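Remarks on the structure that follows.
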Amino acid sequence: AKKQGRNGYRFFEHAMNADVHQQMQLQQDLRKAIHNNELVLYYQPKLVAPAGPLTGIEALIRWQSPEHGFLTPDRFLPLAESSGLIVPIGNWVINEACRQMKVWFDQGHSDWSMAVNLSAVQLEHISLVDVVREALEEHELSPAHLVLEITESTAMRDAEASLKVLNKLAALGVSISIDDFGTGYSSLLYLKHLPANELKIDRGFITELAQGNDDEAIIQAIIALGKTLGMKIVAEGVETPEQQELLTRLGCDTLQGYLLGRPGPADMVSTITEQPERA
Ligand code: C2E
Ligand code: CA
Ligand code: CA
Ligand code: CA
């Protein structure tokens, strides 16, 4: 860049400063977001294959920012992770998800479980175990109602520290789900040692799934592997009736995706379940 003409260099420097400035502003605003009640959880149903009943709900974070608008996680989670803000944000998510699960439990949905996503930074702190235990206690919720979703790469970043935390969480009685399965590079040996009871096949394999193609063979292999290890198999990103039918036939226990329910505010989940059965 330095060899460029004066104007070119200045332009580059200006553009970079603007970007850095924007990120700093976003980080400052995110720091206030919890306190100002700007974070929201959306909920997406997980249904027993092929079409229900509802067995679980996944909490997905959103940021309703007065300055930046309505943001999905891809817009602010990377920043939250690199700045360490993911720890207080993640703690808020765990508490809020437990609070909402308790509301549904009290409405009679005693067979639902709430799934919460975890980042690597959270999983490497032993204090996470206390945060989870205290949230369950505060909301008088049995650990059987909480599922923690981690990805292979999340658990692999500091495999030793993460495994220690995961074992303590499993000992509490919460379930561990391996999210985005098939996208990481964890060895089967490591997978065997994870105290997980659920495996979610990554959406990437579902998107182009058609009978007889490579994705069908891969999904079959993942299901066989998961079942050998005694895990429940979830398929995410189910968008078409063809995928729904094929995944059910291949042996998936639970389905999730736009076809079966989009993520939405808590009251939307209640609406889904109160609908009369389809003819
Ligand atoms: P994920 O855990 O793999 O969640 C699934 C993502 O796919 C969600 O995006 C969901 O809205 C979207 N999705 C669900 N069904 C379909 C479908 O049928 N088709 C398509 N195209 N997409 C579908 P979202 O809500 O934007 O979340 C993105 C990622 O952000 C999540 O991926 C998860 O890794 C992360 N995330 C979300 N909430 C939290 C959180 O509270 N804490 C942490 N640490 N990560 C979170
Ligand atoms: Ca997830
Ligand atoms: Ca996923
Ligand atoms: Ca994902």
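Being a predicted model, the structure only gives us computed values, none of them experimental. Indexing begins at 1, ligand by ligand and atom by atom, following the structure's order.
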| In ligand 1, which numbered atoms sit nearer than 4.0 Å to a non-hydrogen atom of Val93? | 41 (O)
| message | Would Ala59 count as a polar contact of ligand 1, with the cut-off being nitrogen or oxygen pairs under 3.5 Å? | response | no
| field | Flag side-chain contact, heavy atom, 4.5 Å: Thr240 against Tyr258 | value | no
| request: Would you mind listing which atoms of ligand 1 come within a distance below 4.0 Å of any non-hydrogen atom of Gln44? | output: 14 (C), 15 (N)
| query | For the Ca ion (ligand 2), what is the closest N, O or S atom on Glu149? | reply | OE1
| field | From Ser142 atom OG to Met101 atom CE, the distance as rounded to the nearest 0.5 Å | value | 9.5 Å
| note | To the Ca ion (ligand 3), the closest N, O or S atom belonging to Glu236 is OE1
| Is the Ca ion (ligand 3) under 3.0 Å from any N, O or S atom of Asp202? | no
| message | Side chain, backbone, both or neither: which applies to Ser119 and ligand 1 if a contact is any heavy-atom pair less than 4.0 Å apart? | response | both
| request: Run the numbers for me: atoms of ligand 1, each under 4.0 Å from some heavy atom of Glu239, listed by number. | output: 17 (C), 18 (O), 19 (N), 20 (C), 21 (N)
| said: Return the CG to NE2 distance between Asn95 and His139, rounded to the nearest 0.5 Å. | reply: 4.5 Å
| request: Would you indicate whether Arg62, at its atom CZ, is surrounded by more than 12 heavy atoms from other residues, nucleotides or ligands within a distance under 6.0 Å? | output: yes
| query | Are any of the side-chain heavy atoms of Glu67 and Gln25 separated by less than 4.5 Å? | reply | no
| task | Using distance alone, determine whether Asp74 and ligand 1 share an N or O pair under 3.5 Å. | result | no
| task | Report the part of Gln256 (side chain from C-beta onward, or backbone N, CA, C, O) that has a heavy atom under 4.0 Å from ligand 1; answer both or neither where that applies. | result | neither
| said: Using a plain distance cutoff, I'd like to know if Thr72 has any nitrogen or oxygen under 3.5 Å from a nitrogen or oxygen of ligand 1. | reply: no
| query | Going by heavy atoms in the side chains, are Pro265 and Val40 under 4.5 Å from each other? | reply | no
| Sub-4.0 Å atoms of ligand 1 with respect to non-hydrogen atoms of Glu236 | 3 (O)
| task | May I ask you to decide if the ring planes of His68 and Trp63 are parallel, tilted or perpendicular, using 30° and 60° as cut-offs? | result | tilted
| query | Any idea which atoms of ligand 1 are less than 4.0 Å away from a heavy-atom of Glu58? | reply | 2 (O), 4 (O)
| query | Does any non-hydrogen side-chain atom of Ile126 lie less than 4.5 Å from one of Lys168? | reply | yes
| field | Heavy-atom side-chain contact between Gln122 and Thr154 under 4.5 Å | value | no
| Should Val121 and Arg157 be marked as a side-chain contact (heavy atoms from CB on, under 4.5 Å) after you check the CA-CA gap, both sets of side-chain angles, and the distance that decides it? | CA-CA 9 Å; Val121 191; Arg157 206 180 73 154; 3.9 Å; yes
| query | Do Glu81 and ligand 1 have an N or O pair less than 3.5 Å apart? | reply | no
| Part of Arg62 within contact of ligand 1 (heavy atoms, under 4.0 Å) | side chain
| field | Asp111 CG: over 12 foreign heavy atoms closer than 6.0 Å | value | yes
| field | Near-ring test Trp112/Tyr43, centroid separation under 6.0 angstrom | value | no
| field | Per-residue contact class, Asp180 against ligand 1 - non-hydrogen pairs under 4.0 Å | value | side chain
| field | Presence of N, O or S from Asp180 under 3.0 Å of the Ca ion (ligand 2) | value | no
| Which atoms of ligand 1 have any heavy atom of Pro263 under 4.0 Å away? | 11 (O)
| request: Below 4.0 angstrom from a heavy atom of Leu77, which ligand 1 atoms are there? Numbered from 1 as shown, please. | output: 30 (O), 35 (C), 36 (N), 43 (C), 45 (N), 46 (C)
| Stepwise side-chain hydrogen bond (donor to acceptor under 3.5 Å, both in side chains) test for Asn117 and Glu58 | CA-CA 8 Å; Asn117 292 285; Glu58 178 175 4; 2.9 Å; yes
| request: Please state which part of Ile61 comes within less than 4.0 Å of ligand 1, counting heavy atoms only: side chain, backbone, both or neither. | output: both
| Do any heavy atoms of Gly237 fall under 4.0 Å from ligand 1? | yes
| remark: Under 4.0 Å between heavy atoms, the region of Asp179 that gets near ligand 1 turns out to be side chain
| message | Tell me which N, O or S atom from Asp179 is the closest to the Ca ion (ligand 2). | response | OD2
| field | Lys46 and Glu149 ion-paired at < 4.0 Å | value | yes
| message | Test of understanding: given a 4.0 Å heavy-atom threshold, classify the contact between Leu118 and ligand 1 as side chain, backbone, both, or neither. | response | backbone
| If you measure from the Lys or Arg side-chain nitrogens to the Asp or Glu carboxylate oxygens, is any gap between Arg249 and Glu245 under 4.0 Å? | yes
| query | ligand 1 and Arg203, any nitrogen or oxygen pair closer than 3.5 angstrom? | reply | yes
| Which ligand 1 atoms, with their elements, are less than 4.0 angstrom from a heavy-atom of Gly257? | 15 (N), 18 (O)
| request: May I ask you to check whether Glu58 brings an N, O or S atom to under 3.0 Å from the Ca ion (ligand 2)? | output: yes
| Between the Ca ion (ligand 2) and Asn117, is there an N, O or S atom separated by less than 3.0 Å? | yes
| How long is the gap from OG1 on Thr55 to NZ on Lys232, to the nearest 0.5 Å? | 4.5 Å
